Amino acid sequence: MSVTHLIFATPRTPGFRQALAAVSTGDRLLFMGHGACAVTRTDALTAIGDLEDIHVGVYGPDLESRGLLGKIADEAVMVLDEDGLLAWMTANRLNRTWQ
Amino acid sequence: MSVTHLIFATPRTPGFRQALAAVSTGDRLLFMGHGACAVTRTDALTAIGDLEDIHVGVYGPDLESRGLLGKIADEAVMVLDEDGLLAWMTANRLNRTWQ
Amino acid sequence: MTPALSLAILLSEGPAEDVRGSIARATIRAAVRATHRVLPVLFYSDAAYTLLPCPARDRWLQLADATGATLVACPAAAERRGISVETLGPDTGIYPMGLPAWLGQALAADRLLRL
Amino acid sequence: MTPALSLAILLSEGPAEDVRGSIARATIRAAVRATHRVLPVLFYSDAAYTLLPCPARDRWLQLADATGATLVACPAAAERRGISVETLGPDTGIYPMGLPAWLGQALAADRLLRL
Amino acid sequence: MLMVDHPPRDACRTREQLDLALAALALEQLVTVVFIGEGVYHCLPPDRRPDSDVSAGFGSLELYDVDRFLIEEDSLLERDLGREKLRFDLEPISRHALRDLIREQDLLL
Amino acid sequence: MLMVDHPPRDACRTREQLDLALAALALEQLVTVVFIGEGVYHCLPPDRRPDSDVSAGFGSLELYDVDRFLIEEDSLLERDLGREKLRFDLEPISRHALRDLIREQDLLL
C-alpha cells in the first residue's frame with residue numbers, strides 16, 4: 001500500500017533522512033511548514049530524485065510566506081492550495097508525519 | 001578568545017554541524033542532555049577528531065541516565081559531575097548553546 | 001468527486017509555533033468544503049497549552065465557528081502541564097475528551113492525521 | 001580556587017522537556033557551592049509555562065529553597081502564552097522581571113548562559 | 001504501528017507516547033512498536049536508576065501483548081550500540097524491511 | 001552577537017529573538033546580528049504579504065543602528081539562495097570568517 005509522507009522536517013535533519021528512507025514506489029511526499037523549503041534546494045531534490053515513481057507536492061502558502069514560490073528547483077513538484085493539501089493528505093489511508 | 005560550546009544537539013543534526021563549524025583551537029566542547037550520546041558515537045568523534053587542540057567533556061548524569069557511561073569511544077573525553085559542569089561552563093567568558 | 005471521508009486529527013505541537021496547527025486548520029477548512037466528516041480535533045501533549053488564551057487559540061475558535069469543527073483536549077495532558085481541567089468546556093470552546101475515548105473513534109475514521 | 005563569579009541564566013525551553021532546565025539547576029547548585037553569585041534566573045519564551053503547576057516547577061522551587069536562587073519570568077512572554085501575570089509573585093515563587101531589566105544586569109555579569 | 005523516534009529524558013513526551021500505545025492496546029488493536037533513530041536509547045538500561053526512568057514503561061508493553069516489539073538495526077549501528085545490551089526483548093529489523101512493513105499497517109502513529 | 005538560526009513562521013520565537021536584540025540595543029550595546037542556517041529565510045521577502053510577517057521586524061533593526069548586519073554565505077549556498085533577492089541590506093560573511101568573528105564578541109546570544 002502507498003503511504004503519504006507529511007514532511008515538516010527540513011533537509012539534512014534526521015527526520016528528513018528517516019522520511020526518505022521510508023519512501024517506496026507510489027508514495028506521496030508532501031512538504032509543509034518549515035519542510036516546504038526542501039523543494040527549492042537541489043541537495044534535497046537530488047536525494048528525492050534517486051527514488052522512483054513518487055509524487056512530490058508542497059503546500060503553496062508555506063512557500064509563499066518564505067518568498068520561495070518562484071524558486072522551486074524541479075518542474076515535477078506540485079504546488080498545492082488548501083483543497084490540494086486535503087486531497088494529498090487523504091489520498092492514501094496510510095500517512096506519517098516526519099518532524 | 002576561546003569559546004565554550006554547550007552542545008544539546010545530537011550528531012547528524014544541523015545544530016551539531018553548526019557547532020563543529022564554529023569550533024576553533026582551544027575551545028571546549030561540552031556535551032549535555034540529548035547531546036551527551038555524541039561521545040559514544042564514532043561518527044561524531046571522528047568529526048570532532050579533525051579539530052585540533054580542543055577539550056571535550058560530557059555531563060556524566062546525562063550519559064548515565066541513558067546507560068552510556070561505559071561506552072565512551074575516546075579516552076580523552078572528560079566525564080564531568082555537577083562541579084565539573086560548572087567549571088567548564090564558566091571556563092571561558094564566551095559560550096554558546098547549540099540546540 | 002471523491003466519496004466523503006471521516007477525518008481524525010491529533011495535534012501535539014505547542015501553540016507558540018502553530019506551524020502544524022495552521023496546516024491542520026487548512027486541512028479542516030478544505031475537508032468541510034469537500035463535505036467530509038471532521039471528527040473532534042484532539043489537542044494532546046504540548047497542544048494542551050492551546051487552552052490558555054493566545055493567538056493560536058483565537059485562530060482555532062474562529063475555525064470552529066466557521067466550520068462547526070469540535071475541539072477537544074486530553075484532560076490528563078492538560079493537568080500534567082498545570083492547566084486547570086475546569087478551563088475545558090464552553091468557557092474556552094475546547095471540550096474534555098480523554099485519549100482512549102478519542103482514539104476509539106479515531107481508529108474507526110477513514111483517515112487519521114497526527115500533526 | 002577560582003575567584004567568585006556572577007552568573008546570569010536565561011532559560012527558554014518549555015517545562016515538559018526540562019532537559020536544559022535540569023542542566024541549569026545542576027549548574028546553579030554547583031555555583032552556590034563555589035560561592036559564585038547567581039543572578040535571577042529568567043524564564044523566557046516557552047519557559048514561561050513553568051509558571052503553571054508542573055513537576056518542573058516543583059523542581060525549580062525546591063532548588064530556590066535550597067540555594068536561595070531567585071526565579072523570575074518575563075511578564076510579556078507569559079502574557080503572550082495566556083498565562084495570567086497575576087501568577088507572578090509569592091504564590092508561584094516566580095517573580096516578574098521584564099527582559100530589558102533582566103538583560104541590564106545580565107550584561108554586567110561575569111558569565112551569561114542561555115539554556 | 002507506533003514509531004518511537006525521540007530520545008529519553010523528555011519524560012512528558014515519553015509518557016504520552018506510552019499512553020498512546022496503552023490506549024491502542026486497550027482498544028484491542030494489534031500494536032507493533034518500533035524504536036528508531038534517537039528512540040533506541042530508551043532500550044538501554046540506565047547505569048544508575050535515575051529519579052524517573054519513564055522509558056522502563058516500554059517494558060510493561062510486553063506484558064500487554066504487543067504484537068511485535070522491534071528495533072531498527074541501522075539506528076543501533078549508527079550509534080555504535082549492540083543488541084546484546086538492550087533491556088527489552090526486541091526483534092531487530094533492517095531499515096529496508098521496516099520500509100516494507102510500514103506498508104502492511106493499518107495506521108502509523 | 002545575536003545568531004538567528006531558526007526558521008520563520010514560529011512567530012512567537014521570532015518575536016522573542018527580536019525583543020532580545022531590541023533590549024540589547026536599548027542598553028546601548030554594540031549589536032551584531034547574524035542570520036545562519038534556517039534563519040536565512042527571514043531575509044527573503046514573502047511572495048505575498050502573509051497575515052503576520054514578523055520577520056520584517058528584523059528590518060527595523062537597521063534603523064536602530066545595529067553595528068553589523070550579517071548573513072552567513074554558506075547557509076545561503078546550501079539553500080540555493082542568492083544574495084540579490086534578500087530584503088535587508090546584509091553583509092555576507094563566510095563560515096570561516098564567522099568562526100573568527102565569534103571570538104571577538106563579548107557575548108553570544
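In this text the structure is predicted, and so the values were computed from the model without any measurement. Chain letters run A, B, ... following the sequence lines, proteins first, then strands; residues in each count from 1.
- Residue pairs meeting the salt bridge (Lys or Arg N to Asp or Glu O under 4.0 Å) criterion with at least one partner in residues 10-22 of chain B, sequence neighbours excluded, are B:R12-E:E78.
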Task: CA sep, side-chain torsions, deciding dist, call: B:M89, D:L113, side chain to side chain contact (heavy atoms under 4.5 Å, CB included) - done: CA-CA 8 Å; B:M89 288 247 194; D:L113 299 171; 3.6 Å; yes
TODO: Walk me through it: do D:L42 and D:L11 pass the test side chain to side chain contact (heavy atoms under 4.5 Å, CB included)?
DONE: CA-CA 6 Å; D:L42 180 68; D:L11 191 71; over 6 Å; no
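- Of the listed residues B:L86, B:L85, B:L6, B:L94, the one with more heavy-atom pairs under 4.5 angstrom with chain D than any other is B:L86.
- For D:L112, the part sitting under 4.5 Å from any heavy atom of chain B is the backbone (N, CA, C, O) and nothing else.
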TODO: Begin from the C-alpha positions of B:L29 and B:I7 and carry the test side chain to side chain contact (heavy atoms under 4.5 Å, CB included) through to its verdict.
DONE: CA-CA 7 Å; B:L29 295 185; B:I7 307 182; 3.8 Å; yes
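- B:A73 is linked by a side-chain contact (heavy atoms from CB on, under 4.5 Å) to B:T42, B:L45, counting only residues two or more places apart in sequence or in another chain.
- Only the side chain of D:L5 comes within contact range of chain B, with heavy atoms under 4.5 Å apart.
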Taking 3.5 Å as the threshold, show me the donor-acceptor pairs across chain B and chain D, one per line with distances to 0.1 Å.
| unit_1 | atom_1 | unit_2 | atom_2 | d |
| --- | --- | --- | --- | --- |
| B:E82 | OE1 | D:R29 | NE | 3.3 |
| B:E82 | OE1 | D:R33 | NH2 | 3.0 |
| B:E82 | OE2 | D:R29 | NE | 2.8 |
| B:E82 | OE2 | D:R29 | NH2 | 2.6 |
| B:D83 | OD1 | D:R33 | NE | 3.1 |
| B:D83 | OD1 | D:R33 | NH2 | 3.0 |
| B:T90 | O | D:R111 | NE | 2.8 |
| B:T90 | O | D:R111 | NH2 | 2.9 |
| B:N92 | O | D:R111 | NE | 3.1 |
| B:R93 | NH1 | D:A109 | O | 3.0 |
| B:R93 | NH1 | D:D110 | O | 2.6 |
| B:N95 | ND2 | D:L112 | O | 2.9 |
| B:T97 | OG1 | D:R114 | O | 2.6 |
| B:Q99 | OE1 | D:R20 | NE | 3.2 |

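- Annotation: the span from B:L63 atom CG to B:F31 atom CZ amounts to 11.0 Å, rounded to 0.5 Å.
- Proximity to chain D (any heavy atom under 4.5 Å) is restricted, for B:A91, to the backbone atoms N, CA, C and O.
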TODO: For side chain to side chain contact (heavy atoms under 4.5 Å, CB included), just list the numbers for B:V56 and B:L30, CA-CA rounded to whole Å, side-chain angles, deciding distance to a tenth of an Å, and then say yes or no.
DONE: CA-CA 6 Å; B:V56 179; B:L30 177 44; over 6 Å; no
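- Of the listed residues (D:I23, D:L7, D:V19), the one with the most heavy-atom contacts under 4.5 Å to chain B is D:I23.
- Remark: B:D43 pairs with B:R41 by the salt bridge (charged side-chain N to carboxylate O under 4.0 Å, His left out) rule, at least two apart or across chains.
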